[in-house]
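These notes are about the structure you will find just below.
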Amino acid sequence: MCGIVGAIAQRPVTEILLEGLRRLEYRGYDSAGVAVLTGQQEINRSRAVGKVAALTEKLQDSPVVGNIGIAHTRWATHGIPAEHNAHPHMSNGRVAIVHNGIIENYAELREELKAKGYQFTSDTDTEVIVHLIEMHMTFGLSLPDAVRKAIENLRGAYALGVISADDPDTLIAARQGSPLVLGLGLGETFIGSDIQAMLPVTSRFIYLENGDFCVIKRDSLHIFDLSGKEVTREIKESNAGMCTADMGEYRHFMHKEIFEQPVAVQSTLEGRLGVDNLKHCVTGDNAMDILAVVEEIQIIACGTSYHAGLIASYWLEEMTNIPCSVEVASEFRYRRRPPRDNVLFVTLSQSGETADTLAALEKVKQDGSMLATLTICNVAESSLTRESDLSLMTLAGPEIGVASTKAFTTQLVVLLMLVGLLLQAKGESPETVKAIVENLKKLPILLEQALEKDKAIEHMAEDFIEKHNALFLGRGDQYPVAMEGALKLKEISYIHAEAYPAGELKHGPLALVDNEMPIIAVAPNTGLIEKLKSNLEEVRSRGGKLYLFADKAAAMQADDDCYVIEMPEVPEILAPIVYTIPLQLLSYYTAVFKGTDVDKPRNLAKSVTVE
Ligand code: F6R
């Protein structure tokens with residue numbers, strides 16, 4: 001996480017850097033800072049604890065002005081959120097850097113540098129890098145060579161931006177593990193953790209590869225690969241600037257993004273559905289030939305994306321008969337598994353930059369254990385899309401709220417499409433493919449109908465303001481929906497919430513149930529509804545208050561201890577997607593009533609680029 005931005009131009013860059021930081025704030029927001037080289041060849045730095053707005057305010061009183069600079073918005077890893085830990089970090093007033101990533105061997109480097117007389121002013125891992133660079137410059141190396149030499153000593157992940165008072169015409173950028181993109185202007189060049197940061201100033205980008213090292217001047221750009229060879233990287237034009245990333249009439253991005261779901265789903269379906277089949281929409285060589293021979297599927301993801309994977313495993317096994325395992329990336333990457341044949345390795349990610357998911361992909365690529373790798377991702381040109389053999393994009397548009405909403409439902413849409421594509425590739429069950437296609441066509445309308453419950457759910461959320469705990473229940477493919485509901489509630493309202501498969505209650509969690517414990521259940525009328533009802537009776541007879549989302553056919557009776565929101569009738573296959581909506585709204589309104597920072601909940605960041 002952490003967002004970095006940098007610029008070298010013929011005009012003052014501070015405003016450009018600040019706007020870049022505002023657009024990167026989703027990556028971390030506990031402190032921010034900027035450093036520019038002034039006309040007097042001095043590095044002028046300003047840092048503030050809190051959001052970018054705090055830095056902007058500080059700069060109004062004491063501006064920093066220059067045509068080359070770097071800036072950072074932080075998500076603390078080493079050292080508390082405090083001004084002395086905020087980036088840019090500096091060494092002897094001579095070099096300044098911004099860093100995204102983690103330096104694993106920083107403790108030993110710190111001791112070595114201290115022994116050489118360097119004084120540390122922060123608790124960060126980053127500060128070792130800037131002192132190393134300064135030390136090599138003291139030994140006579142140029143800025144580029146000093147940075148090169150310094151990064152030879154680093155173990156871990158980094159995206160770096162470096163400036164020096166000794167070399168006022170150069171901006172250095174380097175990438176290993178953490179994402180970094182160059183933005184190309186006319187006589188000016190920018191660096192950023194993603195293209196969003198630079199969209200106001202350019203639409204031409206170079207996505208750096210791991211190991212890339214760039215020496216950027218106003219009139220030249222040289223990129224070197226890991227071996228030190230100068231390379232040319234492809235320039236990509238982006239029209240992302242046309243997509244608006246503002247809140248419009250909404251109070252929060254999260255609310256806007258919840259309401260965007262019918263349109264996001266429609267865009268994701270656009271051009272991909274035939275009359276009774278799916279268009280071949282997986283990008284990559286021989287995609288359909290690969291799908292035809294898949295014997296097993298391994299899904300890897302984190303957080304909300306992991307929940308989408310869990311739902312898909314029910315679909316995949318029931319409809320294609322292909323065994324499917326789902327695991328969180330941070331566990332999978334460190335586990336040895338027996339080899340299996342013809343496994344399709346599927347990563348799910350909104351950002352395409354999640355460090356654990358990328359590392360899991362890297363691992364299976366290195367050991368060559370998979371038939372092919374496929375990513376389902378919302379960001380074209382992200383690391384996951386570039387590193388995978390195949391990709392199937394969700395087209396949800398930029399998701400700004402830290403809590404994932406439209407990315408999740410569009411992932412589910414694409415996963416249903418994957419079920420259909422596997423069947424098509426294998427020449428199996430055309431009637432199931434047809435049913436998937438027909439149901440997907442109905443989905444945007446059903447989502448609209450679910451969103452009509454907005455006001456009723458706002459009212460329901462009032463009951464949660466004083467709560468400290470909540471239990472979410474579901475059965476079958478609604479169990480991961482309940483997990484997603486619990487994750488949403490905890491991350492934005494800070495209420496402790498857990499999800500259980502309803503049948504598991506009596507094996508322990510029932511002990512938690514009393515009249516203080518709200519129990520939220522997703523209860524569409526599926527084959528498991530009667531089983532679920534018995535589990536809910538167990539809760540009622542112990543004084544628990546129920547909050548149910550159910551359709552008419554489920555015949556749930558509302559009373560003083562049972563709050564029922566009636567959902568539209570939905571085909572069973574679509575129920576996990578549609579029933580996610582009320583849980584998102586419940587979390588959203590609870591958080592609003594509690595007055596938390598909905599779009600930027602404490603301690604979190606949107607793109608988790610550290611392990
Ligand atoms: C929760 C949330 C996170 C992400 C997780 C993975 O609302 O957004 O749990 O789902 O950090 O991120 P991606 O999907 O970008 O890999």
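Just so we're clear, the structure is a prediction, and the values are computed from it rather than from any experiment.
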Check: [X] side chain, [Y] main-chain N or O, donor-acceptor pair, under 3.5 Å:
X      : Y      : result
Tyr494 : Lys594 : no
Thr394 : Ala396 : no
Gln584 : Lys488 : no
Asn378 : Met393 : no
Arg475 : Ala502 : no
Ser349 : Cys377 : no
Glu438 : Ala435 : no
Asp356 : Ala359 : no
Lys490 : Asn469 : no
Tyr29  : Leu24  : no

Quiz item: Between Glu353 and Ser382, does a side chain to side chain donor-acceptor pair (under 3.5 Å) hold up when you go through it step by step?
Solution: CA-CA 6 Å; Glu353 302 295 348; Ser382 65; 4.9 Å; no
Closest approach of [X] to [Y] (non-hydrogen atoms, all atoms of both residues):
X      : Y      : answer
Leu316 : Cys324 : CD1-SG, 3.8 Å
Gly101 : Ser178 : CA-OG, 3.5 Å
Gln557 : Cys562 : O-SG, 3.6 Å
Val379 : Gln350 : CG2-O, 3.4 Å
Leu421 : Cys281 : CD1-SG, 4.0 Å
Gly271 : Lys279 : O-CG, 3.4 Å

Atom [atom1] of [X] and atom [atom2] of [Y]: how far apart are they, to the nearest 0.5 Å?
X      : Y      : atom1 : atom2 : value
Glu318 : Thr432 : CD    : OG1   : 11.0 Å
Leu443 : Thr268 : CG    : OG1   : 10.0 Å
Leu395 : Thr410 : CG    : OG1   : 8.0 Å
Asp551 : Glu569 : CG    : CD    : 4.5 Å
Thr73  : Arg23  : OG1   : CZ    : 14.5 Å
Met567 : Glu452 : CE    : CD    : 11.0 Å

Say whether [X] and [Y], considering side chains only, have a donor N or O and an acceptor N or O under 3.5 Å apart.
X      : Y      : result
Thr304 : Glu484 : yes
Gln261 : Thr405 : no
Tyr26  : Asp599 : no
Thr375 : Thr347 : yes

Kindly check if the number of other-residue, nucleotide or ligand heavy atoms within 6.0 Å of [atom1] ([X]) is above 12?
X      : atom1 : answer
Asn321 : CG    : no
Lys552 : NZ    : no
Ile465 : CD1   : yes
Lys531 : NZ    : no
His468 : NE2   : no
Glu57  : CD    : no

Exercise. Would you please test Leu416 and Asn439 for side-chain contact (heavy atoms from CB on, under 4.5 Å) and show each step?
Key: CA-CA 10 Å; Leu416 254 188; Asn439 282 315; over 6 Å; no
Is a salt bridge present between [X] and [Y], judged by a nitrogen-to-oxygen distance below 4.0 Å?
X      : Y      : result
Lys455 : Glu458 : yes
Glu431 : Lys434 : no
Lys533 : Glu537 : no
Arg540 : Asp561 : no

[X] side chain near [Y] side chain, heavy-atom distance below 4.5 Å:
X      : Y      : value
Leu278 : Leu273 : yes
Lys453 : Pro582 : no
Thr56  : Arg22  : yes
Asp477 : Tyr579 : no
Ile492 : Met254 : yes
Leu418 : Leu422 : yes
Lys51  : Asp597 : yes
Pro398 : Ile400 : yes

Quiz item: Can you list the steps and then say if Tyr479 with Leu528 is a side-chain contact (heavy atoms from CB on, under 4.5 Å)?
Solution: CA-CA 11 Å; Tyr479 167 47; Leu528 289 169; over 6 Å; no
Practice problem: Carefully, step by step, assess Lys506 and Asn535 under the rule side-chain contact (heavy atoms from CB on, under 4.5 Å). | Solution: CA-CA 8 Å; Lys506 53 183 149 322; Asn535 303 138; 3.9 Å; yes
Practice problem: Check the angle between the aromatic planes of His252 and Tyr588 and answer parallel, tilted or perpendicular using the 30° and 60° thresholds. | Solution: perpendicular
Quiz item: Relative to the ring of Tyr207, is the ring of Phe205 parallel (under 30°), tilted (30 to 60°) or perpendicular (over 60°)?
Solution: tilted
Practice problem: Test Tyr547 against every option in Val564, Ile565, Asp463, Ile519 by the side-chain contact (heavy atoms from CB on, under 4.5 Å) rule and name the one that passes. | Solution: Asp463
Quiz item: Checking side-chain contact (heavy atoms from CB on, under 4.5 Å) against Ser388, which of Thr283, Leu361, Leu374 comes through?
Solution: Leu361
Exercise. Report the C-alpha separation of Gln478 and Leu532 in whole Å, then their side-chain angles, then the decisive distance to 0.1 Å, and conclude whether the side-chain contact (heavy atoms from CB on, under 4.5 Å) test is met.
Key: CA-CA 11 Å; Gln478 290 292 329; Leu532 178 67; over 6 Å; no
